[in-house]
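Data block below; observations after.
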Amino acid sequence: MLEEVERWLSTRSWSLTDRPLHKILAAKRHTGQSVSVVLPALNEEETVGDIVAVIRHDLVEQVPLVDEIVVVDSGSTDRTSEVAAAAGARVVHRDGILPRISAVPGKGEVLWRSLLVTRGDIVCFIDADLKEFSPDFVTGIVGPLLTDPEVDLVKGMYDRPLGGAAGQGGRVTELMARPLLNMHWPQLAGFVQPLGGEYAARRSLLEQLPFPVGYGVELGMLVDSLHLVGLDALAQVDIGVRKHRHQDGQALGRMAAAIYRTAQLRLARGHMIRPSLTQFERVEDGFEPRTYSVDTEERPPMVEIAEYAARKVA
């Protein structure tokens, strides 16, 4: 590990206890910064309501930390929107945001569009499939941004159990993302959960970043933020244990391919051939191939979108 990363781990890796809630609230009052929480959601009716309810009760009604809770529905076919709205979120549908640019499927697409329907100086992203959700997920990653003006992006770090086994979650992180970061961007080797979906950043940073439309968004955001603001503007906070719905092996394979392609584009921007991934399923007479396109499209920095610039003027 680079000496620079060892130093970063001692100065930019924190615990929840480093910033008690009363200090975070005091910093918010002093700086006047606003906080938006965004939940990207696709068929998450079983969990999204509980997450929204906890944030609203603990961080809106009990203490004034969060200014808005927005669920961006990316085409759910279940009751995700109704459940989220009933719990107290403002629900916005992906296709209704910036309609002149046709939406494509993908998590990064939803996060990018969320910048147009939120107002917070700090934007906090929370995955909508979390179980046993704690408000510490929000306070932990928002706290450094409110209390330290030199920090621009904060990732959550946590244990990710799989089937009751501690530390076995995050398979794509260990098999794909961590090797890529260590080999090509060793300054980012200190991030415990580089692909984690719980992180917060200043709008002033997010609006300058391109957004991979699919699962490569977290890796792309880390790499691009490193280049734009430097390692010391990035941080991580230990927020405990993250429990969520795990995907099957083939879905993880597609995720890994998108992440690899995101890294590849950043290593060689001129190589724009659209790749594909072939996987196999057993059928009656053997194995049958299934070929999927791997997301390579990215959205430009939001600051380049005319509607976003017009909203700032208004």
Item to complete: Please check if atom CD in Q33 has more than 12 non-hydrogen atoms from other residues, nucleotides or ligands closer than 6.0 Å.
Response: yes
Worksheet item: With distance as the sole test, does R178 use its side chain to make a donor-acceptor pair with the main-chain N or O of A189 at under 3.5 Å?
Response: no
Fill in: Any donor-acceptor N/O pair, S34 side chain to D121 backbone, under 3.5 Å
yes
Item to complete: In plain terms, say whether D67 and K28 are close enough for a salt bridge, that is, a side-chain N and a carboxylate O under 4.0 Å apart.
Response: yes
Fill in: Carboxylate-amine/guanidinium proximity below 4.0 Å for R119 and E68
no
Worksheet item: Is there a side-chain contact between S15 and D18, using heavy atoms and a 4.5 Å cut-off?
Response: yes
Item to complete: In plain terms, say whether E298 and R266 are close enough for a salt bridge, that is, a side-chain N and a carboxylate O under 4.0 Å apart.
Response: yes
Fill in: Spatial distance of atom CD (E44) from atom OG (S81) [nearest 0.5 Å]
12.0 Å
Fill in: Side chains of V38 and L115 in contact at under 4.5 Å (non-hydrogen atoms)
no
Worksheet item: Between D127 and R242, is the closest basic N to carboxylate O distance under 4.0 Å?
Response: yes
Worksheet item: Can a donor-acceptor pair be found between the side chains of T80 and D73 at a distance below 3.5 Å?
Response: no
Worksheet item: Minimum heavy-atom separation for I101 to R299, with atom names?
Response: CG2-NH1, 3.3 Å
Worksheet item: S134 side chain to D136 main-chain N or O, any donor-acceptor pair under 3.5 Å?
Response: yes
Worksheet item: Is L111 reachable from Y308 through a run of I, L, V, M, F, W or Y residues, each pair having side-chain heavy atoms under 4.5 Å apart?
Response: yes
Worksheet entry | Connected hydrophobic set around M157, excluding itself, where side chains approach under 4.5 Å | V192
Discussion item. Centre-to-centre under 6.0 Å for F191 and W8, is that the case here?
Written reply: yes
Worksheet entry | Results of salt bridge (charged side-chain N to carboxylate O under 4.0 Å, His left out) for R29 - residues two or more places apart only | none
Worksheet item: Short question: side chain of Q208, backbone of S204 - any donor-acceptor pair under 3.5 Å?
Response: yes
Discussion item. Hydrophobic cluster membership, with links at side-chain heavy-atom distances under 4.5 Å among I/L/V/M/F/W/Y: are V48 and V54 in one?
Written reply: yes
Worksheet item: Under a single-linkage definition using a 4.5 Å side-chain heavy-atom cutoff for Ile, Leu, Val, Met, Phe, Trp and Tyr, are L153 and L9 assigned to the same hydrophobic cluster?
Response: yes
Worksheet item: Can V72 and V70 be said to form a side chain to side chain contact (heavy atoms under 4.5 Å, CB included), step by step?
Response: CA-CA 6 Å; V72 183; V70 178; 4.1 Å; yes
Worksheet item: Is there a side-chain contact between V63 and D58 (heavy atoms, below 4.5 Å)?
Response: no
Item to complete: Flag the pair E218 and K107 as a salt bridge only when some basic side-chain nitrogen lies within less than 4.0 angstrom of an acidic carboxylate oxygen.
Response: yes
Worksheet item: If you look at every heavy atom in V123 and R203, which pair is closest and at what distance?
Response: CG2-NH2, 3.9 Å
Worksheet item: Can you tell if the side chain of V71 reaches within under 4.5 Å of the side chain of R90, non-hydrogen atoms only?
Response: no
Fill in: Spacing of E207 atom CD and I305 atom CD1 [to the nearest 0.5 Å]
12.0 Å
Worksheet entry | Note, R12 side chain near V151 side chain (heavy atom, < 4.5 Å) | yes
Worksheet entry | Non-hydrogen atoms of C124 and I141 that approach each other most closely | SG-CD1, 3.6 Å
Worksheet item: What residue among P194, S13, P144 forms side chain to side chain contact (heavy atoms under 4.5 Å, CB included) with Q236?
Response: S13
Item to complete: Please examine the side chains of L188 and L226, heavy atoms only from C-beta on, and report whether any two atoms are closer than 4.5 Å.
Response: yes
Discussion item. For a side chain to side chain contact (heavy atoms under 4.5 Å, CB included) check, start with the C-alpha distance between L206 and M221, then their side-chain angles and the critical distance, and finish with the verdict.
Written reply: CA-CA 8 Å; L206 293 171; M221 190 176 295; 3.9 Å; yes
Response to the item:
Distance col, row L130:CG vs F137:CZ, nearest 0.5 angstrom, shows 6.0 Å
Worksheet item: Looking only at heavy atoms, what is the nearest atom pair of N43 and T77, with distance?
Response: OD1-N, 2.6 Å
Worksheet item: Heavy-atom distance under 4.5 Å between the side chains of V5 and P186, does that happen here?
Response: no
Discussion item. A side-chain contact here means heavy atoms from C-beta on lying under 4.5 Å apart; do W112 and V213 qualify?
Written reply: no
Worksheet item: Taking 4.0 angstrom as the limit, do E3 and R7 come out as a salt bridge?
Response: no
Fill in: Nearest atoms (heavy-atom pairs only) where A84 meets V52
O-CG1, 4.0 Å
Worksheet item: Looking only at heavy atoms, which two atoms of Y158 and G197 are closest? And how far apart?
Response: OH-N, 3.7 Å
Practice prompt. Would you kindly confirm whether V303 and F211 end up in one hydrophobic cluster when ILVMFWY residues are joined by side chain heavy atoms under 4.5 Å apart?
Written response: no
Worksheet item: Going from CG on L252 to CD on Q250, what distance comes out if it is rounded to the nearest 0.5 angstrom?
Response: 10.0 Å
Discussion item. Please report the interatomic distance CD1(I122) to OG1(T31), rounded to the nearest 0.5 Å.
Written reply: 7.0 Å
Practice prompt. State whether the number of non-hydrogen atoms from other residues, nucleotides or ligands found under 6.0 Å of F133 atom CZ is greater than 12.
Written response: yes
Worksheet item: With V37, which of V142, L65, V66, V60 fulfils side chain to side chain contact (heavy atoms under 4.5 Å, CB included)?
Response: V66
Worksheet item: Roughly how far, to the nearest 0.5 Å, is OG1 of T262 from CG of L219?
Response: 6.5 Å
Fill in: side chain to side chain contact (heavy atoms under 4.5 Å, CB included) evaluation trace for L267 with W185
CA-CA 10 Å; L267 290 169; W185 296 280; 3.8 Å; yes
Worksheet item: Between D238 and W14, is a side chain to side chain contact (heavy atoms under 4.5 Å, CB included) present by the stated rule, with each step listed?
Response: CA-CA 6 Å; D238 187 349; W14 295 301; over 6 Å; no
Discussion item. Using modelled atom types and a 3.5 Å cut-off, is there a donor and acceptor pairing between side-chain atoms of S74 and backbone atoms of A41?
Written reply: yes
Worksheet item: Ion pair present between E307 and R100, side-chain N to carboxylate O less than 4.0 angstrom?
Response: yes
